[in-house]
Each structure stands twice: as structure tokens, then as C-alpha cells.
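Here is the structure we will look at, set down as C-alpha cells.
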Amino acid sequence: MPEGPELHLAAKFITAIGQRTLFGGQVVKSAVSTKNPDVEWNKEVYRVRANSRGKELKVVVTEGESEVKGGASLSILFRFGMSGSFKYTPVSELPKHAHLQFYTINEPIPMVLSFVDYRRFGRWEVEGEWGADRGPDPIWEYQAFRSNVMENLKLSAFNRPICEAMLNQKFFNGIGNYLRAEILYRCGVRPFDEAREVLSELKPFSKWYETQVKQEDVKNIVKQEDVQKIVVKQEDNKEIVKQEDVKENIVKQEDVKENIVKQEDVKENIVKQEGNKKSVKESKVKPDLLDLCHILPKEVVGLEGGGKGYNVDPDANEEEYAAFRMQVQEIR
DNA sequence: CGTCCACGTCTAC
DNA sequence: TAGACCTGGACGG
């Protein structure tokens with residue numbers, strides 16, 4: 001499933017668990033996982049935490065009950081492929097396709113944190129570094145992300161339709177098939193316009209982001225957008241997002257100047273254009289395509305847009321944590 | 001039963 | 001720039 005936001009949620013999930021839970025023993029690899037390396041790690045007690053960058057996630061294990069200077073540690077870099085996820089379950093309910101397993105100690109019930117990946121397209125590398133061929137994270141390194149695109153528009157990577165260029169992880173690390181479709185849809189850019197042409201029109205520094213930083217008004221802008229944005233359910237989402245649909249439906253556009261997108265077959269998902277124009281006027285600063293590469297993933301993660309999403313507050317109390325754990329034993 | 005489809009890379013021609 | 005790499009769910013006959 002995983003695009004940038006899901007990797008980020010997975011990292012938060014792992015870290016939240018790691019703050020409460022002691023792990024111990026070996027890191028176990030499933031017998032069927034032959035392409036991925038063994039993880040040489042066997043400590044009586046260790047901690048886990050994780051962080052993510054685009055479509056990569058790093059798990060760090062450190063020896064002992066608390067992180068001590070000079071203590072042994074090891075990091076594992078994951079790419080999730082099409083179906084990777086982390087799950088936290090009782091050992092007695094070890095998920096099918098759990099290809100790498102971290103076992104707890106001292107929990108009421110023995111628990112296991114697993115990298116689950118039924119298609120096995122996912123990869124991990126021991127002590128792997130962030131992919132040198134992958135760009136900055138649009139959520140957490142927005143300025144760097146934007147410059148990386150704007151300063152490289154001359155490259156042949158931008159010689160292609162914007163919808164293809166947006167899957168290039170060298171520039172759009174964390175953007176996948178679903179996000180690129182949603183982003184294009186939201187900013188009314190025709191998917192098959194040349195990337196260079198679309199992007200050359202943008203400012204090197206985001207007007208939207210400047211406004212965001214300066215004024216605390218931002219919330220209002222975001223709110224306004226939220227009000228008339230249609231929350232597309234995952235199922236409906238798939239409808240729009242299929243490549244074929246993109247081709248067939250988004251290609252027809254009439255009033256380019258006003259960014260009016262006519263999508264004919266995407267019945268349930270048409271945002272009324274009137275509403276759109278209105279919002280553009282009211283909010284003055286309309287997020288551009290690159291802004292949306294920042295905003296949309298952020299919304300998915302639940303940092304914006306009304307407190308939806310998993311509440312993985314590391315400082316939550318035990319009760320909240322228990323509830324959270326029951327609710328979300330899986331984050332993709 | 002069968003065919004198609006899936007939030008992603010990889011590498012071989 | 002096609003396949004290859006995988007499992008399994010949805011849906012058709």
C-alpha cells in the first residue's frame with residue numbers, strides 16, 4: 001500500500017511501541033524470505049525506534065533498556081514494495097507473511113513486531129543508508145524538495161508527462177500512484193502536459209508556503225479547502241487512480257486558463273467547479289502542484305485537516321496507548 | 001475453475 | 001521499456 005505517509009505512520013507506530021516495550025533475543029527472518037539478508041542481532045534487552053524518508057523507513061535497534069552512549073546499535077533500512085507493513089501482535093497470532101520479527105520481553109503476553117509483506121516485493125538492508133538516488137521528503141524537507149525539483153528542470157526526467165515524472169523518486173520521494181493522481185486532480189493540472197512546462201510556471205519559492213509560515217491564518221486557508229474538498233474514500237479513490245482512468249478522464253479539458261478540469265467518467269468524485277473557484281478567490285494563495293506534494297501527504301498522516309487518522313502520541317497515557325494498540329495493530 | 005488487478009521497484013534485453 | 005518478482009481478492013463462467 002505504501003506511499004510516503006504510510007511509511008511515516010509506520011515509523012511513528014514503531015517508535016510509539018518502542019517507547020513502552022522492551023525487546024530481546026534474535027531478530028528472526030522467515031524461512032521463505034531468501035532475497036533479504038539475515039539480521040545479526042541478539043541482545044538480552046533492546047529498544048526499537050524508527051523514522052522515515054519518502055518511501056524508505058529505518059528501524060534502529062539499540063542495546064539495553066535505555067539508550068546509552070556507546071551502546072550497541074544497528075539500523076535496518078526498509079522499502080515496503082506493494083504490500084509491506086508493520087504489525088504488532090501476540091506471538092500466538094504471528095501474521096502470515098511476517099518476514100522479519102522482533103520479539104518483546106516482559107509484556108503480559110509475549111508480543112512480536114513484524115514486517116509483514118505478503119507479496120515480498122519489499123526489501124531491507126542492514127545498515128542501509130537513505131537511497132542516494134532518492135530525493136528529499138516532501139513532508140519533512142519541503143524547501144529542499146522544492147529546490148531539488150525547480151533547480152533540475154533542465155534534466156530529461158522532466159521531458160515527460162507530469163503524471164510520469166511525479167513517480168520519479170529522485171524528485172518525488174514518497175509520491176506514488178494514488179498520491180500523484182490526487183495531487184493532479186486537486187490542482188487541476190492535465191496529467192499528460194509536459195512536466196517541464198507545468199513546473200516551469202511555478203515560483204522557486206512557494207507563495208503558499210510563505211503565507212503559511214508568516215501568518216497563523218494558515219489554518220483558515222486549510223479549513224476552507226477542507227470544507228469543500230470531497231473526502232475521497234479509498235474505494236472510490238481506486239476508481240480515479242487507475243492509469244487507464246487517468247488517461248481517459250483527465251485528458252479532456254477545456255478552459256485551461258482557469259484550470260477547469262472536466263472529468264466525465266469519474267462520477268462520484270467530481271468536485272463542483274464553482275466551489276473550487278470560490279475557494280481560490282477566498283484563500284488568495286492557491287497551493288500549486290509542489291505545495292500539494294507537501295500538503296496532501298500531510299493530511300493523510302493526520303497532521304492537518306481535522307484530527308483524523310491514528311493518534312499515535314508517544315506521550316499518551318497507558319490507557320490511551322492500550323486503546324490505540326487495540327485499534328491499530330497494523331499500520332501500512 | 002480462470003482472468004484481471006493491486007499504494008513499487010529492479011534488471012535484463 | 002517490457003517483463004519479473006509475488007500473493008490474494010474480486011469477479012466471471
Side-chain angles (χ1 to χ4, degrees), chain A residues 1-13 29-37 52-58 76-87 94-100 114-125 128-135 137-139 156-157 159-161 163-186 191-192 195 231-248 265 269 292-293 295-302 308-310 328 330-332:
Chain A
M1 100 160 271
E3 299 182 27
E6 290 83 3
L7 279 270
H8 171 70
L9 284 174
K12 272 176 91 170
F13 179 65
K29 189 178 80 168
S30 75
V32 70
S33 181
T34 52
K35 293 181 181 172
N36 285 309
S52 72
R53 177 177 181 267
K55 266 181 242 175
E56 294 180 318
L57 176 148
K58 220 185 258 186
I76 309 161
L77 182 76
F78 289 86
R79 263 157 276 126
F80 280 21
M82 292 285 275
S83 56
S85 67
F86 273 86
K87 293 185 184 179
L94 183 71
K96 203 177 174 187
H97 309 295
H99 296 304
L100 200 63
S114 318
F115 177 64
V116 180
D117 180 17
Y118 69 89
R119 295 182 74 180
R120 271 182 284 145
F121 292 172
R123 294 282 123 94
W124 68 78
E125 298 163 30
E129 249 319 309
W130 302 123
D133 44 351
R134 313 184 72 108
D137 188 307
I139 304 183
S156 62
N159 266 346
R160 353 174 26 77
C163 65
E164 288 176 27
M166 286 178 75
L167 295 178
N168 184 340
Q169 302 297 296
K170 180 143 191 163
F171 299 102
F172 296 89
N173 193 4
I175 304 299
N177 192 30
Y178 285 5
L179 276 172
R180 64 110 183 240
E182 193 63 23
I183 290 164
L184 288 169
Y185 177 62
R186 279 241 212 147
F192 291 91
V231 180
V232 183
K233 298 198 177 89
Q234 195 77 348
E235 288 72 27
D236 302 337
N237 212 355
K238 284 179 183 165
E239 286 293 312
I240 324 176
V241 171
K242 286 194 226 159
Q243 180 84 23
E244 294 77 8
D245 292 347
V246 172
K247 280 186 190 150
E248 287 167 22
D265 256 6
N269 298 299
L292 287 167
C293 291
I295 296 167
L296 261 158
K298 223 168 159 179
E299 286 178 3
V300 173
V301 164
K308 269 260 176 77
Y310 309 101
V328 202
E330 164 191 10
I331 298 217
R332 294 183 288 178

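On a predicted model such as this, the values are computed, not experimentally measured, just so you know. So that the names make sense, note that chain A is the first sequence line, chain B the second, and so on, each numbered from 1.
Comparing the same atom, P, in B:dC5 and in C:dG13 gives a spacing of 15 Å after rounding to whole Å. Comparing B:dC13 with C:dC5, their P atoms sit 12 Å apart, to the nearest whole Å. To the nearest whole angstrom, the two C1' atoms, one in C:dG8 and one in B:dC10, are 22 Å apart. The P atoms of C:dC6 and B:dC1 are separated by 22 Å, rounded to the nearest whole Å.
One can place CG of A:N159 at 12 Å from P of C:dT1, the figure rounded to the nearest angstrom. Here the P atom of nucleotide C:dT1 and the CZ atom of A:R160 are 6 Å apart, to the nearest Å. The interatomic distance linking A:L57 (CG) with B:dT9 (C1') rounds to 17 Å, in whole Å. The distance between atom CE of A:M166 and atom C1' of B:dT9, rounded to the nearest whole Å, is 18 Å. We find that CG of A:N36 is positioned 13 Å from C1' of C:dC6, with the value rounded to whole Å. Look at CE on A:M82: it is 17 Å from P on C:dA4, rounded to the nearest Å. Going from atom CG of A:D117 over to atom P of B:dG8 covers 13 Å, rounded to whole Å. Going from atom CD of A:E164 over to atom P of C:dT1 covers 8 Å, rounded to whole Å.
Inter-residue side-chain proximity for A:R180 and A:C163 is flagged as met; some heavy-atom pair is nearer than 4.5 Å. Contact annotation: the side chain of A:F172 never approaches that of A:L179 to less than 4.5 Å [non-hydrogen atoms, C-beta and beyond]. In this structure, A:N36 and A:L100 have side chains that are not in contact, with every pair of non-hydrogen atoms separated by 4.5 Å or more. Side-chain contact check for A:M166 versus A:P191: every heavy-atom pair is 4.5 Å or farther apart.
For A:H97, there are no side-chain hydrogen bond (donor to acceptor under 3.5 Å, both in side chains) partners two or more places apart in sequence or in a different chain. Applying the side-chain hydrogen bond (donor to acceptor under 3.5 Å, both in side chains) criterion to A:S33, with sequence neighbours excluded, gives no partner residue. Partners of A:R160 under the salt bridge (Lys or Arg N to Asp or Glu O under 4.0 Å) rule, at least two apart in sequence or in another chain, are A:E164. Not a single salt bridge (Lys or Arg N to Asp or Glu O under 4.0 Å) links A:R134 to another residue, sequence neighbours left out. Listed by chain and number, the residues in a side-chain hydrogen bond (donor to acceptor under 3.5 Å, both in side chains) with A:R79 are A:E56, A:E125 (sequence neighbours excluded). Partners of A:A98 under the side chain to side chain contact (heavy atoms under 4.5 Å, CB included) rule, at least two apart in sequence or in another chain, are A:L94, A:P95, A:Q101, A:S114, A:V116.
Closest approach of A:S83 and A:R119 over heavy atoms only: OG-N, 3.1 Å.
Taking a pair as Watson-Crick or G-U wobble with both distances under 3.5 Å, the runs of three or more consecutive pairs in DNA chain B are B:1-6 with C:7-12, B:8-12 with C:1-5.
In this model, the phosphate group of C:dC5 is not approached by any side-chain N or O of A:K35 to a distance below 4.0 Å at OP1 or OP2. A sub-4.0 Å separation between OP1 or OP2 of B:dG8 and a side-chain N or O of A:Q169 is absent.
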Polar atom pairs (N or O), protein with nucleotides 10-13 of chain B, under 3.5 Å:
residue : atom : partner : partner atom : Å
B:dC10  : OP1  : A:R79   : NH1          : 2.4

Look for any protein N or O under 3.5 Å of an N or O in nucleotides 7-11 of chain C and output each such pair with its distance, or none.
residue : atom : partner : partner atom : Å
C:dT7   : OP1  : A:R120  : NH2          : 2.5
C:dT7   : O4'  : A:Y118  : O            : 3.2
C:dT7   : O3'  : A:H97   : NE2          : 3.1
C:dG8   : OP1  : A:K96   : NZ           : 2.9
C:dG8   : OP1  : A:H97   : NE2          : 2.7

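Here A:F115 and A:F78 bring their ring centres to under 6.0 angstrom of each other.
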